[in-house]
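Position 1 is the first residue of the sequence, and the numbers go up from there. None of these values were measured; they are calculated from a predicted model.
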Amino acid sequence: MNGAELRLGRLFNRESGRTFIVAIDHGLAIGVPPGAEDAVGTVDSIISYNPDGIFLSPGLLSRAGHLFAFRGAPEPILRIDFLLLDERLKYLGEQHRMLCSPQDAVNLGAEAVAMFLVFGVERGEMFADNARAVTLAAREAHRAGLPLIVETVPWGSRINDRRDPDLLAFGCRMAAELGADAIKTEYTGDPETMASVVEGCPAPVLVLGGPKIDSENDLIESARGAMTAGAKGVIYGRNIWQATDPSKTSEAVRDVVHNKSAVR
């Protein structure tokens, strides 16, 4: 077993084989989201919810790294790229750039790194460059002993359905073929179609939460459906720290993810 495999394994619960991760890297793409105005304070709160890992940006990890400095802390997962798709900056066009190297992530204390692979952008050159960047980052990350989680998402100006099962299956398989150790992607909304996405991907598939869902019951059912389909966990952000009771919501999601009896 190499370092990347060991660190990836630490993200997954020994009994359930799944992981509950919370994302707080939104400031890179959507500015100051409600519920996370105090970025470092939000990280501190998230840690108290006992997730297995936390997605952060480089600047936020450098400011909040001390909060992870104890035995049993969640694994810090560093976002090492930048995606420009926000409507307020639409006049700048769709853009993707690397922010830092996997070695920089090691120096900041990360236990894994994360990148986008974005289907649906207007320019083929951007997508091709994105794919190449994923492969290069996977090699560099593995040399540094870090796993790479690729967020495969059908976003961009050419996408009408972000939950298209065929497109999701294509993207997840491509990310794994490019070198991803785990995949973060959309939930199709249906366990049967999501199962086809999972079955076609040789890397563990984790589902994202996306924008805030009004009903906590709907959120729980989405998590349950994804686990039933064979997903290995969830990576939720706004649906956790924008919840009316984030601690209670985290507990409910964690129970679905790790308690096999809760999955039909």
[X] to [Y] - nearest heavy-atom pair and separation:
X	Y	result
Ala105	Ile80	CB-CG2, 4.5 Å
Leu61	Ala110	CD2-N, 4.1 Å
Ala64	Phe68	O-CD1, 3.5 Å
Ala176	Ala203	CB-CB, 4.2 Å
Glu94	Glu122	OE1-N, 2.6 Å
Ile54	Ile21	N-CG2, 4.1 Å

Within 45 degrees of the axis of the six-membered ring of Phe116 and under 6.0 Å from its centre: does Arg79 put its NZ or CZ there?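 Judged by the rule (NZ or CZ under 6.0 Å from the ring centre, within 45° of its axis), Arg79 counts as positioned above Phe116.
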
Would you kindly confirm whether [X] and [Y] end up in one hydrophobic cluster when ILVMFWY residues are joined by side chain heavy atoms under 4.5 Å apart?
X	Y	answer
Val118	Val113	yes
Leu117	Leu78	yes
Leu6	Leu148	no
Phe12	Val205	no
Phe82	Tyr91	yes

Walk me through it: do Arg18 and Met227 pass the test side chain to side chain contact (heavy atoms under 4.5 Å, CB included)? CA-CA 9 Å; Arg18 303 190 187 102; Met227 298 306 101; 3.4 Å; yes

Side chains of Glu186 and Trp155: is there a donor and an acceptor less than 3.5 Å apart?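 Judged by distance alone, the side chains do pair up.
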
How far apart are the C-alpha atoms of Ile77 and Asp25, what are their side-chain angles, what is the distance that settles it, and do they pass the side chain to side chain contact (heavy atoms under 4.5 Å, CB included) test? CA-CA 10 Å; Ile77 303 167; Asp25 59 332; over 6 Å; no

Side-chain contact, heavy-atom cut-off 4.5 Å: [X] with [Y]?
X	Y	result
Met194	Pro165	no
Glu111	Arg10	yes
Leu219	Tyr236	yes
Glu140	Gln103	no
Pro76	Leu56	yes
Ile46	Ile240	no
Arg254	Asn50	yes
Thr188	Leu168	yes

Inter-residue atom distance [X].[atom1] - [Y].[atom2], 0.5 Å rounding:
X	Y	atom1	atom2	result
Leu28	Leu83	CG	CG	10.0 Å
Met174	Ile183	CE	CD1	11.5 Å
Arg163	Thr193	CZ	OG1	9.5 Å
Lys184	Thr152	NZ	OG1	11.0 Å
Asn239	Ile213	CG	CD1	4.5 Å
Ser250	Asp245	OG	CG	8.5 Å

Between Arg238 and Ile30, is the side chain to side chain contact (heavy atoms under 4.5 Å, CB included) condition met? List the steps. CA-CA 12 Å; Arg238 285 168 283 183; Ile30 62 174; 3.9 Å; yes

Is the side chain of [X] donor-acceptor paired with the backbone N or O of [Y] at a distance under 3.5 Å, no angle test?
X	Y	value
Thr19	Leu11	yes
Asp104	Ser101	yes
Trp241	Pro34	no
Thr228	Pro191	no

Assess whether salt bridge (Lys or Arg N to Asp or Glu O under 4.0 Å) is satisfied between Glu251 and Lys248, documenting all intermediate values. CA-CA 5 Å; Glu251 183 178 359; Lys248 179 182 176 183; over 6 Å; no

List the steps, then state whether side chain to side chain contact (heavy atoms under 4.5 Å, CB included) holds for Leu167 with Phe119. CA-CA 8 Å; Leu167 192 58; Phe119 281 64; 3.6 Å; yes

Decide if atom [atom1] of [X] counts as having more than 12 heavy atoms of other residues, nucleotides or ligands within a radius under 6.0 Å.
X	atom1	result
Asp38	CG	yes
Glu5	CD	yes
Phe127	CZ	yes

Report the residue from Ile149, Leu208, Leu60 that forms a side chain to side chain contact (heavy atoms under 4.5 Å, CB included) with Phe55. Ile149

Does His96 have any ring pair (Phe, Tyr, Trp, His ring centres under 6.0 Å) partners at least two apart in sequence or in another chain, and if so, which? none

